[in-house]
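Below is one structure, written out as structure tokens, with a few remarks after it.
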Amino acid sequence: MLESHVNSEIKIVAGRSNPDIALKIARATHRELSEVAIRNFSDGEIWVKYEENVRGVDLYIVQSTIAPSDNLLELLMLIDAAKRASARRITAVIPYFGYARQDRKDQPRVAITAKLIANLLVEAGANRVITMDLHTPQLQGFFDIPLDHLYASSVSVNILKQVGLQNVAVAAPDVGGVKMARAYAKMLGDADLVVVDKRRPKHNVAQVMNIIGEVQGKNIVIVDDLIDTGSTFVQCVEALKKQGAEQIIGVCTHPVFSGAAVEKLVNCEALAKLFVTDTIPLRKQHDKIEVMSVAPLFAEAIIRTHENQSISSLFDANQG
Ligand code: R5P
């Protein structure tokens with residue numbers, strides 16, 4: 001039976017992986033973050049405790065599962081503690097869902113971490129999940145609980161429209177990104193689509209093989225769900241420039257930015273600007289990298305979830 005949570009109180013708490021977005025989300029719902037204590041024993045073992053009553057509460061735990069994997073464990077512990085403290089409903093709000101890249105058995109004897117983590121969240125006691133731009137949207141099917149999938153494009157397309165580029169083509173930096181690029185192209189007024197055919201000879205190494213689509217003289221917007229080492233993105237920018245692209249702008253939802261990614265991106269002369277969101281705290285600031293906050297979108301999703309309203313109607317564009 002569908003239970004109503006409208007009459008229960010909303011509380012929002014934050015893990016330690018991205019306190020800034022958690023605070024912004026809470027403020028956008030006109031609330032403060034609820035008190036939770038999170039500490040480490042001297043060997044690193046994590047300890048969590050709700051510092052206020054959560055019995056009967058509609059609880060939203062905000063935590064991006066960015067590396068280190070302690071962030072994931074911390075989220076699982078916050079869910080477990082809430083379940084044992086009799087929260088009425090527990091929603092894991094995961095702005096960046098890490099470990100999602102390993103989503104299939106692409107070679108023998110490997111783990112499917114996206115499914116493993118979905119199982120762990122459910123086993124810990126999560127009743128639902130709100131997340132954004134999963135590595136592949138079909139990961140939703142790995143969850144046997146409701147999952148609401150938000151799109152950063154709801155925010156970024158407006159910003160791109162303000163930039164006012166003409167003669168635009170949207171580029172997917174690999175075949176897996178075509179669906180996302182197509183959605184952006186549609187929202188930007190049926191812009192052209194370009195696909196960069198990338199190979200991965202080994203982890204974190206990208207090689208551009210072919211470019212499919214018209215690039216000469218176009219202003220290009222490259223869109224990707226995440227940038228890790230920056231190798232895919234920079235190679236894509238350079239390959240498009242070589243093919244005669246005019247201005248090149250990047251949009252990426254999750255700035256994972258490991259190693260020297262920021263340096264690689266800001267030193268890439270052909271890249272004019274990169275827009276990222278605040279699902280992951282930015283490791284280094286730079287004029288070329290602009291952060292768009294998606295906190296209001298998460299806040300709206302929380303309020304609508306609490307009031308049993310539609311979330312899909314948050315999006316005016318068809319992302320399918
Ligand atoms: C690939 O499927 C993803 O969408 C990203 O393009 C990729 O994971 C980025 O990795 P890196 O920045 O290390 O090349």
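Just follow the structure's listing: the first ligand is 1, and inside any ligand the first atom is 1. Throughout, numbering of the chain's residues begins at 1 and tracks the sequence. Side-chain atoms are counted along with the backbone in the values below, which use heavy atoms only and exclude waters and symmetry mates.
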Under-4.0 Å heavy-atom contact with ligand 1, by part of D224 that carries it: side chain
Side-chain donor-acceptor contact under 3.5 Å, T253 with D225: no
No-hydrogen, no-angle side-chain donor-acceptor test under 3.5 Å, S156 and Y184: yes
Could you pull out every donor-acceptor pair under 3.5 Å between side chains of residues 97-111 and any protein atom, sequence neighbours left out?
residue, atom, partner, partner atom, Å
R101, NH1, D228, OD2, 2.8
R101, NH2, D228, OD2, 3.3
D103, OD2, T136, OG1, 3.1

Reported CZ-to-CD1 distance for the pair F233 and I227, which is rounded to 0.5 angstrom: 4.5 Å
Ligand 1 contacted by H135 (non-hydrogen, < 4.0 Å): yes
Contact check, P173 vs ligand 1, heavy-atom distance below 4.0 Å: no
Against heavy atoms of [X], which atoms of ligand 1 measure under 4.0 Å?
| X | result |
| --- | --- |
| T229 | 11 (P), 12 (O), 13 (O), 14 (O) |
| D174 | 1 (C), 2 (O), 6 (O) |
| D225 | 3 (C), 4 (O) |

For N71, side chain to side chain contact (heavy atoms under 4.5 Å, CB included) partners two or more places apart: S17, Q63, I66, P68
